[in-house]
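First up is the structure itself, then whatever we jot down about it.
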Protein chains: 2
Amino acid sequence: MLVDDHAVLRAGLANLLNFEPGITVVAEADDGDTARQLWRQHRPDVTLLDLSLTGTDGIETLRLLHAEFPEARVLMLTSSEAHEDIQHSLQAGACGYVTKNIRRAELVDAIRAVHAGGRPIGEHVARLLATETPHGILSRREIEVLGLIRQGFTNAEIGRLLGIAERTAKAHVAALLAKLEAADRAEAVARGFERGLLKV
Amino acid sequence: MLVDDHAVLRAGLANLLNFEPGITVVAEADDGDTARQLWRQHRPDVTLLDLSLTGTDGIETLRLLHAEFPEARVLMLTSSEAHEDIQHSLQAGACGYVTKNIRRAELVDAIRAVHAGGRPIGEHVARLLATETPHGILSRREIEVLGLIRQGFTNAEIGRLLGIAERTAKAHVAALLAKLEAADRAEAVARGFERGLLKV
DNA sequence: TCGTCTATTGGCCGATCGGCCAATCGGGAG
DNA sequence: CTCCCGATTGGCCGATCGGCCAATAGACGA
């Protein structure tokens, strides 16, 4: 089963995969809710899932699907190379993770590996996981503050909104800037989006 | 000719299009420079171009290609729904603009329309252009500055990087803050992501 | 050709930011 | 029962920001 919000990619991929012996695309979905519904009907051996879906995002869809059907075998096929996306996907129950830059043969290999019970990680992705080491995870308070920074609030306003002193808000900002390795709040917001802490 | 950084999409699309009578994929490129080089060799009737390319981006590639070969007929095929991307693509010489959510038949129609001299705008895209009325679309320069803000650069650094005065960088920042209705650069970055001007 | 839009630059100024130092307190881990 | 961490607060200060005023030149569409 294919789950991707790009109809063009789905059509092309379906066409391509149907030529592979032993592989048949039995269903396609362009959003998470449809995907889970179709899964119940078709029980596909393998599901290719994109992260960027309209409505329920890919991670959440994966989480819900996995909660309902722990036996579902899902291979993430996405363009994101974010460390968090990989980690969250695998933690949410994905069997594998490959990027869309993968070549045709490698994708087919990965699909067969997932079907056989393996947990393939794209070569490219594996390299990412090996090298990158995030310096620290944000506390809840810091994520909350980051959400307010995103909305353009000053430290004083953040303090007022959270019922704390401006000085304390500044401390939280300083802490999250360090953890995100950001030079200022603007870069912190960008890092937040990149790490999946903030969503569009 | 196909220009897209996702090998999976190119492979699928090529496979699919080669089944359409009268359509043959003569070349594929995954970056802008390769695209222009291949165009010189193959002189394709129609070029499908994505906006997100590594290195020279899609708009710049389009601009360069159009400057060298004004007769090139390019159909933008991308996932961005940002007003700026649509406007800038058409101004840079694109014959048409469709999103990857388009269905197979519509894509084929659009390709034939471009070949015949038309300027097709995807149904979805047309609706976007008609309905949404943002306070103002960002200029290319402003988007460029926004990209630097995102990376945590100060106005002085932005000026240095772009070879302009700090004062001018400040003017660009002020302009984009107004257009994005953002209180500060942090909110501007967030708005940039929300509008699809910035990508993860 | 005219007017609009964009890119460019200047000065001035109060508000805000981010960094550095240090401190208390409560809670979870070992 | 300690130790470490996160949340909280304080003062101080140079750097940076964002707003307001005005101006020139080139490009592009009507």
Close N or O pairs between protein and nucleotides 23-26 of chain C (under 3.5 Å):
none

Please give me every residue in residues 60-75 of chain B whose heavy atoms get under 4.0 Å of an atom in DNA chain C, ordered by residue number. none
Spell out protein contact along nucleotides 21-30 of chain D as letters: B when the base is contacted, S when just the sugar-phosphate is, - when no protein heavy atom is under 4.0 Å; keep the 5' to 3' order. B---------
If an axis is fit to five pairs at each end of the helix from dT1(C)-dA30(D) to dG30(C)-dC1(D), what is the angle between the two, to the nearest 10°? 70°
Examine distances only and state if a side-chain atom of Glu20(A) and a backbone atom of Leu17(A) form a donor-acceptor pair shorter than 3.5 Å. no
Which of these nucleotides, dG19(D), dC17(C), dG18(C), is closest to any side-chain atom of Leu177(B)? dG19(D)
Need to verify one output field. Residue with the more 5' nearest nucleotide on DNA chain C, Gly163(B) or Leu138(B)? Leu138(B)
What protein N or O atoms touch nucleotides 4-7 of chain D N or O atoms at under 3.5 angstrom, if any, and at what distances?
residue, atom, partner, partner atom, Å
dA7(D), OP1, Ser139(A), OG, 3.0
dA7(D), OP2, Ser139(A), OG, 3.0

With heavy atoms under 4.0 Å as the rule, sort Ala175(B) into base, sugar-phosphate or nothing. nothing
Length of the line joining Glu144(B):CD and dA7(C):P, which is rounded to integer Å: 10 Å
Residues in residues 150-162 of chain A with a heavy atom under 4.0 Å of DNA chain C, by number, are Thr154(A), Asn155(A)
Between dT16(C) atom C1' and Asp184(B) atom CG, what is the distance in whole Å? 10 Å
